[in-house]
There are 2 protein chains.
Amino acid sequence: MSLRYAVLGLLARRPSTGYELTQTFDRSLRSSWHARHSQIYPELAKLEAAALVEVVGLGARRSKTYAVTAAGRAELRRWLVEVEPDRSQRSESGLRLFLTPLLDPDDRQATYERDLAHVELELAALGEVQAGMQNAPEPEAFAPQVELGIRMNTVLRDWLREQIKASAT
Amino acid sequence: MSLRYAVLGLLARRPSTGYELTQTFDRSLRSSWHARHSQIYPELAKLEAAALVEVVGLGARRSKTYAVTAAGRAELRRWLVEVEPDRSQRSESGLRLFLTPLLDPDDRQATYERDLAHVELELAALGEVQAGMQNAPEPEAFAPQVELGIRMNTVLRDWLREQIKASAT
DNA sequence: AAATGACATGTCAAGACGTACATGTCTCAG
DNA sequence: CTGAGACATGTACGTCTTGACATGTCATTT
């Protein structure tokens, strides 16, 4: 059911078209919940049928802009506050990291270096988000979340560097 | 396809029964890949059909102990080293954290406190794993992975404490 | 000797998800 | 004025995952 609340949550931040949501899933949400447009459009239709979102405008190229309704906001709040979180994760990267000690030193080194390159890109991207945040419409509310992302990736980067250095001996 | 390699990887660490794998998925792997027994048993059957694992012993209560074959080890190595990782994540907790700024201060405080309680339990559990690691059969290989888990959760704990303190003002 | 509860393996139906297919619109370069 | 490419929405089929159902074993307690 998380997809439903991910969509509801993004629309609560700002009304959007399905296309825009797809891009947001790829950008801001890539590190917590991933979804394709083939899932997003049907979910929007279901949410509209349930009166949790509504079409608030038609744009160019047949685009429809959706916004949450009052009922949608209430449902989102209920889920965030009252529903017990499912803490289980699905992260291929995490699984790979967990299994890496099974590799012999050369292979291990190579995969750690691949990961390090990726984490550094991630950190650069988050740095830009943080820098570009002053001129956002509703600015400061999400700053701590970006900061958390940076701290997490920094820990991972440092750990990877240590592993690479340690096995280079 | 990750499930397949998760199973293969756990069996590469040590031969196990399906039941034991289920428990390991709940314990060690809960923070990277989650699976139920209803997925694990069929996957073991498929892996056996593909000759990537084999039954190496029958135990009490009809239990079967599986171990990876040479082909299984090679396939696991191939996946870890040569297949481009899928970096997309699915973490309900991450999604919740991302959406929390939408809540009003009281609700936000409550959810952060719920998360903090959980992270502290997690840290305690990881601390025990780390402490009990000296007397493990193959001891030190996975120590850095445990250490990473502790660091990640520590960052999250500190961040949550900051958020709670900041909005208590 | 029977009940209880942990151990242990399996299947099935429904729902979630990804890949590929399909269609149409608007802008801009050439 | 035409073709390329981004914009925009949708569907279909197959696979992955969950939750519920189903069955049987072994050790301990009563």
Side-chain angles (χ1 to χ4, degrees), chain A residues 1-8 10-11 15-27 29-30 32-50 53-66 79 83-92 95, chain B residues 1-8 10-11 15-27 29-30 32-50 53-66 79 83-92 95:
Chain A
M1 289 268 74
S2 290
L3 176 67
R4 150 159 289 187
Y5 298 101
V7 170
L8 223 39
L10 290 182
L11 290 179
S16 313
T17 66
Y19 189 82
E20 289 166 339
L21 288 176
T22 303
Q23 291 178 122
T24 309
F25 268 91
D26 266 11
R27 294 209 248 282
L29 233 50
R30 75 192 172 299
S32 53
W33 202 268
H34 178 254
R36 306 279 161 132
H37 79 276
S38 60
Q39 245 190 311
I40 292 167
Y41 289 116
E43 189 61 42
L44 282 168
K46 276 190 239 166
L47 284 165
E48 195 188 1
V53 308
E54 59 188 348
V55 176
V56 294
L58 301 171
R61 298 182 192 94
R62 300 178 168 185
S63 72
K64 289 181 268 183
T65 300
Y66 291 88
W79 181 72
V83 175
E84 186 59 23
D86 173 1
R87 310 271 177 189
S88 67
Q89 312 250 323
R90 284 251 151 68
S91 159
E92 198 192 282
L95 175 63
Chain B
M1 289 270 74
S2 290
L3 176 68
R4 151 158 288 186
Y5 298 100
V7 170
L8 223 40
L10 290 182
L11 289 179
S16 313
T17 65
Y19 190 83
E20 288 166 340
L21 288 177
T22 303
Q23 291 176 122
T24 309
F25 268 91
D26 265 11
R27 294 209 249 281
L29 233 50
R30 74 193 173 297
S32 53
W33 201 269
H34 179 253
R36 307 277 161 136
H37 79 275
S38 58
Q39 243 189 314
I40 292 167
Y41 289 115
E43 189 61 43
L44 282 169
K46 276 190 239 166
L47 285 166
E48 194 187 3
V53 307
E54 59 187 348
V55 175
V56 294
L58 301 172
R61 298 182 192 96
R62 299 178 168 183
S63 71
K64 290 181 267 183
T65 300
Y66 290 88
W79 181 73
V83 175
E84 187 59 23
D86 172 1
R87 310 272 178 189
S88 67
Q89 311 252 321
R90 279 239 159 76
S91 158
E92 197 192 284
L95 174 62

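Lettering follows sequence order; numbering is per chain, from 1.
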For [X] and [N], what is the distance between atoms [atom1] and [atom2] respectively, to the nearest whole Å?
X       : N      : atom1 : atom2 : answer
B/Arg4  : D/dT17 : CZ    : C1'   : 16 Å
A/Glu43 : D/dT11 : CD    : P     : 14 Å
B/Leu58 : C/dA8  : CG    : P     : 13 Å
B/Gln23 : C/dC7  : CD    : P     : 6 Å
B/Lys64 : C/dG10 : NZ    : C1'   : 9 Å
A/Glu92 : D/dC16 : CD    : C1'   : 14 Å
B/Arg87 : C/dG18 : CZ    : C1'   : 19 Å
A/Leu44 : D/dG10 : CG    : P     : 8 Å

Of the nucleotides [options], which has the atom closest to the [X] side chain?
X       : options                : answer
A/Arg90 : D/dT17, C/dG24, C/dC17 : D/dT17
B/His37 : D/dA20, D/dT9, C/dG24  : D/dA20
B/Arg36 : C/dA8, C/dG24, D/dT18  : D/dT18
B/Ser38 : D/dG24, D/dG19, D/dT11 : D/dG19
A/Tyr19 : D/dC7, D/dT17, C/dG18  : D/dC7
B/Ala60 : D/dC16, D/dC26, C/dT9  : D/dC26

Side-chain N,O ([X]) to OP1/OP2 ([N]) below 4.0 Å:
X       : N      : result
A/Tyr41 : D/dT9  : yes
B/Arg61 : C/dA8  : yes
B/Gln39 : D/dT18 : yes

- Any side-chain heavy atom of B/Lys64 within less than 4.5 Å of one from B/Thr17? no
- Gap separating the CH2 atom of A/Trp79 from the CZ atom of A/Arg4, nearest 0.5 angstrom: 12.0 Å
- Message: Which is more 5' along DNA chain C, the nucleotide nearest B/Gly18 or the one nearest A/Gly59? Just name the residue.
- Response: B/Gly18
- When you measure from the side chain of A/Glu92 to the backbone N and O of B/Arg87, does any donor-acceptor pair fall under 3.5 Å? no
